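This one's a predicted model, so the numbers in the text were calculated from it and none came from an experiment. In what follows, chains carry the letters A, B, and so on, assigned in the order in which the sequence lines appear, proteins first and then strands, with residues in each chain numbered from 1.
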Protein chains: 2
Amino acid sequence: MTDDSWQPPAILLTVDLVILTLKDSRLQILLVERGTEPFRGALALPGGFLHDAQEPIETAAKRELLEESGLDAETFHLEHLGVYGTPGRDPRGRVVSVAHLAITPRLPEPTAGTDAADAYWHPVDTILSSDVELAFDHHRILTDGVERARAKLEYSTLATAFCGPSFTLAELQQVYEAVWDVRLDPRNFYRKVQGTDGFVVPDGLTRKMETGRPARLFRPGPGKILHPAMIRTVESAATQGSTR
Amino acid sequence: MTDDSWQPPAILLTVDLVILTLKDSRLQILLVERGTEPFRGALALPGGFLHDAQEPIETAAKRELLEESGLDAETFHLEHLGVYGTPGRDPRGRVVSVAHLAITPRLPEPTAGTDAADAYWHPVDTILSSDVELAFDHHRILTDGVERARAKLEYSTLATAFCGPSFTLAELQQVYEAVWDVRLDPRNFYRKVQGTDGFVVPDGLTRKMETGRPARLFRPGPGKILHPAMIRTVESAATQGSTR
DNA sequence: GTAATAGTGTCTATGAGACAATATCCG
DNA sequence: CGGATATTGTCTCATAGACACTATTAC
C-alpha cells in the first residue's frame, strides 16, 4: 500500500493556552497582542512552538504560562484541552496546536515586566460577543475552553482553582455565578458545598467582611470529583433577573 | 530570548484509535498485532502516521479506522481523546500521537480481508487485568479511553453509539451494564430512558424475542446531552451480585 | 438598637431505586 | 394454559430549590 520511499510528514507543534480567571466578578481571559507576523497586532492566546524536540508538551505549556503571564507553575490548574490542526489554520505551514486550559486565582496584576508585556485580561463575554477577531482559530479554542470550564464545574472541584489557597463559600459561589452566568441561593449553595464529600475543608479561620458577620475560610478538599454533582440550570441569569 | 537562527523542531504525528464495541455482552477493544518494528509482535491500538502534511487529523483517524477495521466511517462515533507525546515513548524519535475514541455497534465479524488482517476484538477487562504488554504507551491510552467512555455514558447519549440503528431498551441497558460493570433494574432503566428528553425515539416497530413479549424498537434521539444524567453507582457489580 | 452578611431549619417537588402487578408474545 | 420478557404502577428515600429564621460582626 505504501511504497518504501514513503516517509511520514514532519509537523510543527505549538502549545496554546486558554488562561481563565475571575476578576471584577467576571470570567476573564488572558490575551496577548501579537508582535510578529502572521496576525501581527491581533489578539491571540498565549502560546508558542516547542523549544526543542525533547521538550515535553506539558513542560512547554507551563513555560509559556510562566513567560506570558508571569505565573508560578504550581499554583495552577492546567489540563489538556484539545488539538487544533486543520491544514491552513497557520499560514506558516502545517502547524498543529495542542491547546491547554489553565485556571488561576485572581492575581496581583497582570504581567508587567515579563516577556509578553502586552498580555491583558479581557472579559470572556465581551470577546465572544464582540467582533474582535482573534488570531488563527483561537476564537474557537477559546469557546471550547470556556465550555470545558463550564462543564467541569458541574462534576469536579475545578471551581476552587479560581480561588486563592483560602476562600469563603461566598467567593466560591461567585465563581459558579460568573462562569455559568446564573444566580444561586447562598443558603442552598452553602449546604450543598458542605454536604459534598471532599469539596472543601474548613481551615478554622475567618475573614472579616467590610460589613456583616465574618465568614469561615475554607481550603480545597482532597476530592477531585463532585458526588453528587452541581446542577447547572439551563435558565440564564438574564431571564432569572428579569423575573425577580 | 530566542536568537535569529532558532527554528521550531519538527515532529512526527500519529493517530491512534481506541475502538470499543459490545460483543458477547462485554466491552471489547480492537487491537492489532504489530508486523514491524518497534514492538513487532506486540498488541497495539490501530493507528499510524499522517499520510502527508495536508491530511487533516480527523481524516487520518477515519482512514485508519477504515483500513484497520474495515468499518464505514459514517456509522461511528469518533472523538478526540487526548495527546500522548512524552519524549521517548517511541524509539523512532519524537512522535506525538493524537488518540481518538471510536464507538461502534457490534459488527458482522472483525476484519477478514482488510489491510490489517491481524485485528481482533479483545475483552477490555482481560487486557487491563492481564500482564499483556501493549506497544508504546497504548495501555495508558486504552485506560483513558475506557474511562472517557464510562464518564460519557453518564451525561451523554453515547450509549446509543454501541447499538445499531434500531435497538431495544434492553439492548441499551446491556451497554450500561457492560461498560460500567453494574446490574441495573430493567423497569427503572426503562422509565428513566423514556423520561429523558431526546435520548431515544420509538420507531414504531417491534422486535421478536426468542421468548417472551416482543420489545419496541427505538432509534437514537436528537439529544446529545442527558438531562438529567444517568447516575453511575460507585458500587461494583461483583458486590451487588454477592448481595443477591 | 440597625444594617449587613454568614449560617441553620423546614417545607415541597422531583427523581432514583425497590419491587408488585399487568401485558403480550411462544408453545 | 405456563413460561418468559416487556412495560406500567406504586411506594420510599434522597436531594434541589424556595425561603423563614437565627447568629455574629460593625456602627
Side-chain angles (χ1 to χ4, degrees), chain A residues 25 153-155 166-174 176-177 180 182-197 199-218 226-237 239-241 243-244, chain B residues 25 153-155 163 166-174 176-177 180 182-197 199-218 225-237 239-241 243-244:
Chain A
S25 296
L153 287 199
E154 290 192 67
Y155 59 88
S166 185
F167 50 87
T168 70
L169 295 197
E171 286 167 354
L172 189 64
Q173 181 182 338
Q174 283 181 25
Y176 280 90
E177 295 188 329
W180 283 353
V182 294
R183 301 299 153 243
L184 301 175
D185 185 306
R187 300 160 293 187
N188 291 336
F189 184 83
Y190 193 99
R191 266 189 301 99
K192 172 73 189 208
V193 171
Q194 291 262 277
T196 302
D197 247 23
F199 196 174
V200 299
V201 294
D203 71 357
L205 304 175
T206 57
R207 170 176 303 167
K208 285 205 181 72
M209 321 301 290
E210 306 80 19
T211 173
R213 174 176 175 175
R216 294 162 72 192
L217 287 172
F218 294 82
L226 292 192
H227 206 77
M230 282 277 167
I231 291 183
R232 168 163 52 158
T233 311
V234 189
E235 193 173 27
S236 80
T239 311
Q240 291 194 354
T243 323
R244 282 226 128 256
Chain B
S25 297
L153 286 199
E154 291 192 67
Y155 59 87
C163 301
S166 184
F167 49 87
T168 70
L169 295 197
E171 286 167 355
L172 189 64
Q173 179 182 340
Q174 283 182 24
Y176 279 91
E177 294 188 330
W180 283 354
V182 296
R183 300 298 154 244
L184 301 176
D185 184 304
R187 300 161 292 186
N188 292 336
F189 184 82
Y190 194 97
R191 267 188 299 96
K192 170 73 191 210
V193 172
Q194 290 260 278
T196 302
D197 247 24
F199 196 174
V200 299
V201 294
D203 71 358
L205 304 174
T206 58
R207 170 176 302 167
K208 287 204 181 72
M209 320 301 292
E210 305 80 20
T211 173
R213 173 178 177 174
R216 294 162 72 192
L217 287 173
F218 296 82
I225 303 295
L226 292 192
H227 205 79
M230 282 277 168
I231 290 183
R232 168 164 51 159
T233 311
V234 190
E235 192 174 26
S236 80
T239 310
Q240 291 193 351
T243 324
R244 285 218 133 260

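- Protein atom CZ of R216(B) is 16 Å distant from nucleotide atom P of dA23(C), rounded to whole Å.
- Counting any heavy atom pair closer than 4.0 Å across all strands shown, P228(A) reaches sugar-phosphate atoms only and no base atom.
- In this structure, the CG atom of L184(B) is 15 Å from the C1' atom of dC19(C), given to the nearest Å.
- Within a 6.0 Å radius of CG in D197(A), other residues, nucleotides and ligands contribute 12 heavy atoms or fewer.
- The CD atom of Q194(B) sits 7 Å away from the P atom of dT8(D) (whole-angstrom rounding).
- Counting to the nearest Å, the C1' atom of dT24(D) and the CD atom of E210(A) are 16 Å from each other.
- Here dT5(D) presents its C1' atom at 13 Å from CD of E171(B), a figure rounded to the nearest Å.
- F199(B) places a side-chain heavy atom less than 4.5 Å from the side chain of M230(B).
- In this structure, V193(B) and Q173(B) have side chains that are not in contact, with every pair of non-hydrogen atoms separated by 4.5 Å or more.
- Closest to the side chain of D185(A), out of dA23(C), dC19(D), dG7(C), is dC19(D).
- R216(A) has its side chain within reach of Y190(A): a pair of non-hydrogen atoms, C-beta onward, lies under 4.5 Å apart.
- In this structure, CZ of F189(A) is placed 17 Å from P of dT15(D), rounded to the nearest angstrom.
- Across the interface with DNA chain D, nearest-nucleotide mapping of R187(A) and R213(A) shows R187(A) to be the residue nearer the 5′ end.
- Checking V200(B), L205(B), T206(B) one by one against L217(B), the side-chain contact (heavy atoms from CB on, under 4.5 Å) holds for a single residue, L205(B).
- Comparing Y190(A) and G212(A), the nucleotide of DNA chain C nearest to each residue sits closer to the 5' end for G212(A).
- Projected onto DNA chain C by closest heavy-atom contact, A229(B) and M209(B) fall at different nucleotides, the more 5' of which corresponds to A229(B).
- When heavy atoms are screened at a 4.0 angstrom cut-off, R191(B) is found touching base atoms of the nucleic acid.
- Residue N188(B) contributes atom CG, which lies 13 Å from atom P of dT8(D) at whole-angstrom precision.
- Between the CG atom of L226(A) and the P atom of dA16(D) there is a distance of 11 Å, given to the nearest Å.
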